[in-house]
Amino acid sequence: MSSETLTQTEATATEPMTLTQMPAALESSNSKLVYLYLATVDEATISNLESTLEMQQLALFPTLDTLESEGLIERDGETFTAIA
């Protein structure tokens, strides 16, 4: 196999997430933005999310609470990770 040939699994892993792959439960733009960011990075803190997404903590905390209650992200102390 040449280095240019990718298996379907490898190709899928390198493709960016699209809006059609977003969980259907995500309705608000904040939820979609935060989930998409967490799905593309290994983990993030509130400070990471606040600075990268340019969102205030006032908007982040309820969004993260909703995503966590829907089982889409996990919280470990101050670190958040996407599950799905």
Side-chain angles (χ1 to χ4, degrees):
M1 179 189 323
S2 75
S3 62
E4 294 178 8
T5 306
L6 295 175
T7 65
Q8 185 170 355
T9 304
E10 291 170 326
T12 303
T14 60
E15 294 175 8
M17 178 181 285
T18 64
L19 291 177
T20 58
Q21 295 169 319
M22 285 274 192
L26 300 180
E27 295 178 5
S28 78
S29 58
N30 282 350
S31 293
K32 290 176 184 178
L33 179 63
V34 171
Y35 179 79
L36 182 60
Y37 178 74
L38 289 173
T40 59
V41 298
D42 290 332
E43 58 186 27
T45 64
I46 290 289
S47 296
N48 298 134
L49 292 164
E50 188 177 18
S51 63
T52 304
L53 302 178
E54 298 180 359
M55 290 178 68
Q56 295 181 1
Q57 288 185 12
L58 188 61
L60 279 171
F61 281 114
T63 300
L64 291 166
D65 287 343
T66 299
L67 291 172
E68 187 176 19
S69 70
E70 291 176 2
L72 298 172
I73 65 169
E74 288 182 335
R75 179 183 201 158
D76 182 16
E78 294 183 17
T79 305
F80 296 88
T81 308
I83 296 173

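Atom CD of E43 sits about 5.5 Å away from atom OG1 of T81, to the nearest 0.5 Å. The OG1 atom of T52 lies 3.5 Å from the OH atom of Y37; values are rounded to the nearest 0.5 Å. A distance of 6.0 Å separates CG of L64 from CG of L49, quoted to the nearest 0.5 Å. Here I73 contributes atom CD1 and T66 contributes atom OG1; the two are 9.0 Å apart, rounded to the nearest 0.5 Å.
Contact record, L60 with I46: CD1-O, 4.1 Å, taken as the closest heavy-atom pair. In plain terms, the two heavy atoms of F80 and L38 that are nearest each other are O-CD2, 3.6 Å. Between T63 and A59, the shortest heavy-atom contact is OG1-O, 2.8 Å. Nearest heavy-atom pair, L26 versus L67, reported as atom, atom and distance to 0.1 Å: CD2-CD2, 3.2 Å.
Looking only at distances, a side-chain donor or acceptor of N48 sits under 3.5 Å from a matching main-chain atom of T45.
Heavy atoms of other residues, nucleotides or ligands lying less than 6.0 angstrom from CD of E68 number more than 12.
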